[in-house]
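Note that this is a predicted model, so its numbers are computed, not measured.
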Amino acid sequence: MATPMTATQIKAALTKWGVRFKEYKDWATHNRGTRGDGWGPVHGFVWHHTGSDSADQRELLYAGTSALPGPLSQFGIAQDGTVWLIGWGRCNHAGLGDDDVLQAVINEDYGDYPPTDNESNTDGNARFYGVEIWYSGSHGMTPAQYEAALRVSAAICDFHGWTSKSIIAHGEWQPGKWDPGYAPGKMMDMRAVRSDISRKIAGGNVTTPVPGKDVEAAKPAAYHDVAETDAIPAPRNHPDYAENKFWTLESYVRFIAEAVIRIEGKL
């Protein structure tokens with residue numbers, strides 16, 4: 001639980017964490033005021049995708065639409081990694097979500113993922129900062145966008161004394177949502193995202209690719225799931241996973257073949 005940062009404080013926090021940001025119009029006083037439950041105390045930060053690959057989405061986020069007035073988030077991240085300050089105060093980004101998820105974020109006591117978001121009974125706009133990342137979600141965000149999102153997350157966590165478990169996806173908050181996505185209808189692996197944020201907060205470099213889908217720890221992906229890509233996430237139960245997180249298709253086929261041979265008792 002925390003009092004929201006002021007506009008001056010967020011600029012200082014972003015500067016401290018090396019975030020390349022720009023200010024859009026009167027962002028510092030542009031908000032939804034006291035509608036709903038107002039804004040604050042805040043408990044976390046929600047990641048979104050905009051659903052569009054347009055190169056300039058500032059005005060959309062600032063003004064919103066007739067059905068959903070702006071601002072639609074406090075931050076917008078362009079494809080080149082520039083963080084645009086869009087609004088400050090209550091913004092129309094999170095909508096109604098699950099109170100169990102909110103409590104888990106407040107306590108920061110969940111495992112790899114917060115509880116399943118199966119209710120829409122809590123005003124997320126009052127309780128979360130939000131970032132809209134400018135991409136469709138039907139493919140991955142750019143590495144520059146991911147790096148910027150990690151830095152903004154670290155800046156907010158650092159200021160409030162939060163851990164990465166205060167960072168969630170829109171798809172973990174509101175039933176029916178799947179952003180931020182990496183493929184049509186498929187949300188990024190937020191366990192991996194939070195791991196990268198933790199390393200960023202601790203001052204380490206994050207050099208892993210932008211996370212896509214989760215990879216089950218005890219089971220390799222089926223051949224048909226990996227045959228179309230050259231950079232396949234390695235099975236996390238493999239002894240060399242820490243040093244080599246991505247395999248070629250050839251390595252994956254060999255791994256599966258060896259597993260079959262072992263099962264048959266021939267190796």
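Taking Asp112 as the reference, Arg191 meet the salt bridge (charged side-chain N to carboxylate O under 4.0 Å, His left out) condition, with sequence neighbours excluded. Legend: residues meeting salt bridge (charged side-chain N to carboxylate O under 4.0 Å, His left out) with Arg151, ordered by chain and number and at least two apart, are Glu147. Under the salt bridge (charged side-chain N to carboxylate O under 4.0 Å, His left out) criterion, Asp158 pairs with Lys16, not counting sequence neighbours. Scanning for side chain to side chain donor-acceptor pair (under 3.5 Å) contacts around Glu23 gives Lys11, Trp27, with sequence neighbours left out. With sequence neighbours left out, the side chain to side chain donor-acceptor pair (under 3.5 Å) criterion links Gln79 to no other residue. With sequence neighbours left out, the side chain to side chain donor-acceptor pair (under 3.5 Å) criterion links Gln9 to Thr6. Taking Thr15 as the reference, Phe21 meet the side chain to side chain contact (heavy atoms under 4.5 Å, CB included) condition, with sequence neighbours excluded. Looking at residues two or more places apart in sequence or on another chain, you find no salt bridge (charged side-chain N to carboxylate O under 4.0 Å, His left out) involving Lys22. Judged as a side chain to side chain donor-acceptor pair (under 3.5 Å), and not counting sequence neighbours, Ser73 has no contacts.
Lys165 NZ: more than 12 foreign heavy atoms inside a 6.0 Å radius.
Within the structure, salt bridge (Lys or Arg N to Asp or Glu O under 4.0 Å) pairs that include any residue of residues 114-141 comprise Arg90-Asp123 (at least two apart or interchain). Note on residues 54-68: pairs passing salt bridge (Lys or Arg N to Asp or Glu O under 4.0 Å), not counting sequence neighbours, are Lys25-Glu59, Asp56-Arg58.
A donor-acceptor contact shorter than 3.5 Å links the side chain of Gln57 to the backbone of Ser52.
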Could you pull out all donor-acceptor pairs under 3.5 Å where a side-chain atom in residues 60-71 meets a protein atom, sequence neighbours excluded?
from  : atom 1 : to    : atom 2 : distance (Å)
Tyr62 : OH     : Asp26 : OD1    : 2.3
Thr65 : OG1    : Ala67 : N      : 3.3
Thr65 : OG1    : Leu68 : N      : 3.0

